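Heads up, the thing below is written out as structure tokens.
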There are 2 protein chains.
Amino acid sequence: MRKLKYSKQREAIKDFLSESSHPTADEIYIKVREQFPNVSLGTVYRNLNLLSECGEIRKLTFPEGPDHFDNNTTPHYHFVCRHCGRVFDLSLRGVELELPDKEGLMPGHIEGYSLICYGTCNSCIGMRA
Amino acid sequence: MRKLKYSKQREAIKDFLSESSHPTADEIYIKVREQFPNVSLGTVYRNLNLLSECGEIRKLTFPEGPDHFDNNTTPHYHFVCRHCGRVFDLSLRGVELELPDKEGLMPGHIEGYSLICYGTCNSCIGMRA
DNA sequence: TATAAAAACAGTAATAATTACTATTATTAA
DNA sequence: TTAATAATAGTAATTATTACTGTTTTTATA
């Protein structure tokens, strides 16, 4: 694996990730620009990809809209509101999948999985009521 | 819900979907063009979106590459190979999630979910051995 | 069967998200 | 202190998808 050198831009990206909830690359870009006005969106994407590859963060892909990024790499799932697009964490104790144990059923070697729930969040339900 | 009128292009798209495994819009386009040389990619996308909205097919989104489409709308999961990108069906009896029963844990009303496993498929494992 | 409204079409242009390229600057190990 | 390499900003290019427009097809009803 390649060696990462320190960069203050990457540090700012990580800082913002740790204090925010599933931001998109663009949201991170807007925030980091407050501290580094010349930072480029490419730098944000490159660092997010580097950090995902290192396993420091997770990339979340949904059928609608841009990817989101999550600094919580412990096993957990997500709920996405189809109306406002917000992403929520789900712990779902009791829904421990233990998929790696089911290798026999797999068409190969499983290295990870993602569980995404879709629906309408409570605040969007409230708006329609 | 809006009313669909018959179209032979849409019929060809459905036919190909039912005899193939998780094709992308572009793969469908290439195939349907054999029968309708002037079909446009926009027509393929429009019909795939219409059919997804009607619940006749499912759209599959992965972190890499274009969306895939699945004419199997019964509950099942997917395994995606990180190397060749192929998509496999998983039945995984015993991993019945029953998520709709867990509404109390959700930040809203759940309408669906997707479970995607990532890894290396057996044929890609063979190639590296 | 004729007709008219609605839907679908092909072809093209536009958009959104992301990646690639390049010349310069910053980091780091020796 | 230096030299190798990683990282950067800025820009261009790419990929996947959607939107637009004028024409054609479908379908319900007269």
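Heavy-atom basis, side chains included; hydrogens, waters and symmetry copies ignored. This is a predicted model, so every value here is computed, not measured.
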Nearest whole angstrom, please: distance from the [atom2] of [N] to the [atom1] of [X].
X     : N      : atom1 : atom2 : result
B/L50 : D/dT26 : CG    : P     : 16 Å
A/E53 : D/dA7  : CD    : P     : 11 Å
A/L48 : C/dA17 : CG    : C1'   : 13 Å
B/N47 : D/dT26 : CG    : P     : 13 Å
B/D67 : C/dA17 : CG    : C1'   : 13 Å
B/I13 : C/dA10 : CD1   : C1'   : 13 Å

Q | B/Q9 vs D/dT25: side-chain N/O to OP1/OP2 distance below 4.0 Å | A |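 It does not, given that no N or O in the side chain of B/Q9 lies less than 4.0 Å from OP1 or OP2 of D/dT25.
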
(Q) When you measure from the side-chain N and O atoms of B/N49 to the phosphate of D/dT17, is any distance below 4.0 Å, counting only OP1 and OP2? (A)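 It does not, given that no N or O in the side chain of B/N49 lies less than 4.0 Å from OP1 or OP2 of D/dT17.
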
[X] versus [Y]: any side-chain heavy-atom pair under 4.5 Å?
X      : Y      : answer
A/D70  : A/D89  : yes
B/E111 : B/Y113 : no
A/L90  : A/C117 : yes

Q. Tell me, for nucleotides 23-30 of chain C in 5' to 3' order, what letter each nucleotide earns: B for a base near a protein heavy atom under 4.0 Å, S for only sugar-phosphate near one, - for neither?
A. ----BSS-

Q. Within 45 degrees of the axis of the six-membered ring of B/Y29 and under 6.0 Å from its centre: does B/R33 put its NZ or CZ there?
A.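 Yes; both conditions hold, so B/R33 lies above the ring face of B/Y29.
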
Q) If you link I, L, V, M, F, W and Y whenever their side-chain heavy atoms are under 4.5 Å apart, who else ends up in the same group as A/V80? A)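 Grouped by the 4.5 Å side-chain rule, A/L60, A/F62, A/V87, A/I116, A/Y118 form the rest of the cluster around A/V80.
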
Q. Taking ILVMFWY side chains as joined if any heavy atoms are under 4.5 angstrom apart, and letting links pass through other members, which residues group with B/L50?
A.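 Besides B/L50, the cluster holds B/L4.
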
Q | Euclidean distance, B/R10 CZ relative to B/L17 CG, rounded to 0.5 Å | A |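 B/L17 CG to B/R10 CZ: 12.5 Å, rounded to 0.5 Å.
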
Q: Quick one: pull up SG in A/C121 and CZ in A/R82 and give me the separation to the nearest 0.5 Å.
A: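 Rounded to the nearest 0.5 Å, the SG-CZ separation comes to 13.0 Å.
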
Q | B/D67/B/K59 ion pair, N-O < 4.0 Å | A |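 Answer for the salt bridge query: yes.
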
**Q.** Closest-nucleotide 5' rank along DNA chain C - winner of B/R10 and A/G65
**A.**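 Result of the comparison: B/R10.
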
Q) Of all residues at least two apart in sequence or in a different chain, which pass the salt bridge (charged side-chain N to carboxylate O under 4.0 Å, His left out) check with A/E11? A)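 Salt bridge (charged side-chain N to carboxylate O under 4.0 Å, His left out) list for A/E11, sorted by chain: empty.
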
Q) Looking at five pairs on each end of the helix from C/dT1-D/dA30 to C/dA30-D/dT1, what is the angle between the two axes, given to 10 degrees? A)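 So the angle between the two local helix axes works out to 40°.
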
Q.
In terms of relative ring orientation, are B/H78 and B/H22 parallel, tilted or perpendicular, with 30° and 60° separating the classes?
A.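 It falls in the perpendicular class, over 60°.
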
**Q.** Members of residues 26-46 of chain A that approach DNA chain C, where some heavy atom sits under 4.0 Å away
**A.**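 Residues of residues 26-46 of chain A that come under 4.0 Å of DNA chain C are, in numerical order, A/L41, A/Y45.
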
